[in-house]
Amino acid sequence: MRESKGREYLPVPSVLHYEIVTDPTPLQVSRPGAPSVGTVYIVVSNTSLSEVKIEHVDVLIPVGTGSDDLTDDVSAINASVTGTYEKPAGTAPSFVWHSGGRFRFAFTSGKRVKLPGQESFVLKLEDIPVSDQAGLVVISLNEKAATSGSSMNRYPFITNLALVKQRPLVPQNLRAESALVGAGDDVVLRWDGPDSLTYWIRYPDGLSEPVPPPARPVPVPFGAYEHTPSRALTRGTTYTLVAGTADSNGQVEEGYFLTTTVHAVVPEFESGARAPWVEGTTDQGRVTFTEDGVRVDDDNGVRGTVAAGTADVDKVRTEKVGGRGTDSGWIDFPDAGIAVHHGSGQDLGAVAAKRVSAEGVNTEWVQGRDATDGRIEFPPSGINVRSNGGQDWGTIAADTADVKGVNTQWVQGRDATDGRIEFPPSGINVRSNGGQDWGTIAADTADVKGVNTQWVEGPNGTKSRLAFTDTGVKITDPDGHRGTIVAGETNVRSVVTPWVSGPQPGAGWIAFRVEGVDVMRDSEVSFGTIRAAEFEEKDGGTGRPLHRRLPPYAWPPKSDKQKPSTSSNLREDPE
């Protein structure tokens, strides 16, 4: 019964038919850290065959935090309407929040909405923040409408519909703390669920491990769970949350399943991995597996670069090998062998090695490690040895040199003060003390075609000297006096001497004076005897004395007598 202004009204049934649908069904209550949002659909139908005129339909929802309240935040609700109703041209009814704590469906102009028979429309309340207490919520619909041919009722018809807010009865929201886990890091799984269930984590191989119940200060019917699987993560793994109950015999009855997948930053595959190609994430380089191996491309699809600390391969085929920098050296492989370059062009570079073993080396020059070191050049004529990295002639140092010929200006000992041999156009010069003073040739035997020298001197301290003057040869003893020639035979055209003596002791001698010849004897100044030689008749009685070799004799002749004394007529030639 409803009373108004002293009059009593009997309840009147609604002209229209109403049904309520929720999404999700039932609505889930919000929890701390996990707000729940739902939608309420109200289907308004004209079940008669006659047209119904609608002035308005109000939807009243309970607002608050109680178990019978739908939400505590009406401003977040998004209201709208769809349906097959008649409306004036260019206008449409609205469904918006209205003063008095309700959502109203009506024309803002006050005109009535006409709903043909057997037609309907839907009032939508979306994005509803569901309150956190489970319970039954009653929604009232106040309708002011009339059928065709009837007058509009003064008071609205009222229809009450109910919906349920429920705590989840099954686990939900299974997720990993991090979907990408590094090597050695733990996987942490989280979910929400009722405490009345038992939980397990199942691995991809079908084995499961139980989840111990959480220690809570206050029991809750529905709460948060967390578990770290005992197995280390090596690659992408899908974990299955199994929820169920155990019967009186301890048999587990599985009822609910949720899954989530966690990936390893660097996955491991015990049996290998198969793929036509592998591509980077940030940089789109690609490794393609071809029939004969792999091909590396850059992000433009052209041949790319392999970067590694060490490459250990049986064979490498490439056009060139280069350093990391743009100015680094590089090696290319022409048909003839290898070419070493440096920089970005074709300039030839340097090979640095502790040892090079090769059958042949073709190069313009070879130099030490420093720019100022000596260098060896290879002109068409042979080799040039340079010093200080320039064009000055350098020095060859060796223990033994075995060559067919040596062309050089001079040869010197190892020290700067050693003797040296120079090679002028006329022959050789022997110098001493590293300068221009004449030096000494020491040899056991000298076999030459000719010797040009001022004098020849004996060895071993005797120092008798044979001097070559402009007029001939002069022999002197170690004291510088006239010396003696000892010979088995002398064949000369002329002899210039003050006297001639025989070799044996007491031999006669001949003095050559200005007036003529004196024949002396017994080493005394007294005249001796001239003997005539035998003559051989030849050519008409003329002839020449027979030549007779004397027997060998010792030198110098030994005699107890004095040499011929020197007189005013016989004096030693000072020259």
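Listed here is the closest heavy atom pair of Ser464 and Pro478: OG-CD, 3.6 Å. Nearest heavy-atom pair across Asp127 and Pro129 is O-CD, 3.2 Å. Heavy-atom minimum distance, Pro334 versus Ala339: CD-N, 3.9 Å. The minimum heavy-atom distance between Tyr225 and Pro214, with the atom names listed, is CE2-CD, 3.2 Å. Across all their heavy atoms, Ala176 and Val262 have their closest contact at CB-CG2, 3.5 Å.
Residues meeting the salt bridge (Lys or Arg N to Asp or Glu O under 4.0 Å) test with Glu457, sequence neighbours left out: Lys463, Arg465. In this structure, the side-chain contact (heavy atoms from CB on, under 4.5 Å) partners of Leu258, at least two apart in sequence or on a different chain, are Pro171, Leu174, Leu241.
Between the side chains of His341 and Asp332, at least one donor N or O lies within less than 3.5 Å of an accepting N or O. The closest side-chain donor-acceptor pair between Asp370 and Thr372, if any, does not fall under 3.5 angstrom.
Annotation: the span from Lys320 atom NZ to Phe333 atom CZ amounts to 11.5 Å, rounded to 0.5 Å. In this structure, the separation between CD on Gln367 and CH2 on Trp365 is 5.0 Å, given to the nearest 0.5 Å. To the nearest 0.5 Å, the span separating OG1 on Thr240 from CZ on Phe257 amounts to 8.5 Å. Taken from CG in Asp298 to OG1 in Thr305, the straight-line distance is 7.5 Å, to the nearest 0.5 Å. Trp455 contributes atom CH2, which lies 15.0 Å from atom CD1 of Ile475 (distance to the nearest 0.5 angstrom). A distance of 4.5 Å separates OG1 of Thr237 from OH of Tyr239, quoted to the nearest 0.5 Å.
Residues Val473 and Leu466 have side chains in contact (heavy-atom distance under 4.5 Å, counting atoms from C-beta outward). Asn429 is not listed as a side-chain neighbour of Phe423, based on a closest heavy-atom distance of 4.5 Å or more. At least one side-chain heavy atom of Leu197 sits under 4.5 Å from a side-chain heavy atom of Tyr256.
With Thr238 as the fixed residue, the side-chain hydrogen bond (donor to acceptor under 3.5 Å, both in side chains) test singles out one of Thr261, Thr260, Thr259: Thr261.
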### Task
Go through the steps for Phe512 and Val500 under the test side-chain contact (heavy atoms from CB on, under 4.5 Å), then give the verdict.
CA-CA 8 Å; Phe512 299 92; Val500 177; 3.5 Å; yes

### Residue pair Asp283, Asp299: steps toward the side-chain contact (heavy atoms from CB on, under 4.5 Å) verdict
CA-CA 7 Å; Asp283 298 322; Asp299 55 2; over 6 Å; no

### Task
Begin with the C-alpha distance, continue with both residues' side-chain angles, and end with the deciding distance and a verdict on side-chain contact (heavy atoms from CB on, under 4.5 Å) for Ile428 and Trp410.
CA-CA 9 Å; Ile428 62 174; Trp410 48 267; over 6 Å; no

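Within the structure, side chain to side chain donor-acceptor pair (under 3.5 Å) contacts touching residues 207-216 (residues at least two apart or in different chains) are Asp195-Arg216, Arg202-Ser208, Tyr203-Glu209, Glu209-His227, Glu209-Ser230.
Within 6.0 Å of CG on Asn300 lie more than 12 heavy atoms contributed by other residues, nucleotides or ligands. Within 6.0 Å of CG on Asn452 lie no more than 12 heavy atoms contributed by other residues, nucleotides or ligands.
With respect to Asp373 and Arg375, no salt bridge is recorded, no charged nitrogen being found less than 4.0 Å from a carboxylate O. A salt bridge links Asp192 with Arg31: at least one charged nitrogen is closer than 4.0 Å to a carboxylate oxygen.
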Kindly list each side-chain donor-acceptor pair under 3.5 angstrom involving residues 178-189, sequence neighbours excluded, with atom names and distances?
from   : atom 1 : to     : atom 2 : distance (Å)
Ser178 : OG     : Leu180 : N      : 3.4
Ser178 : OG     : Leu180 : O      : 2.8

If you look only at distance, which donor and acceptor atoms sit under 3.5 Å apart when one is on a side chain in residues 432-449 and the other is two or more places apart or in another chain?
from   : atom 1 : to     : atom 2 : distance (Å)
Gln436 : OE1    : Arg431 : NE     : 3.4
Gln436 : OE1    : Arg431 : NH2    : 3.4
Gln436 : NE2    : Glu422 : OE2    : 3.1

Using residues 263-280 as the side-chain source, report each donor-acceptor pair under 3.5 Å to any protein atom, sequence neighbours left out, with the distance given to one decimal.
from   : atom 1 : to     : atom 2 : distance (Å)
Glu270 : OE1    : Arg235 : NH1    : 2.6
Glu279 : OE2    : Arg286 : NE     : 3.3
Glu279 : OE2    : Arg286 : NH2    : 2.9

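With hydrogens and angles disregarded, a donor-acceptor distance shorter than 3.5 Å links the side chain of Asp205 to the backbone of Leu207.
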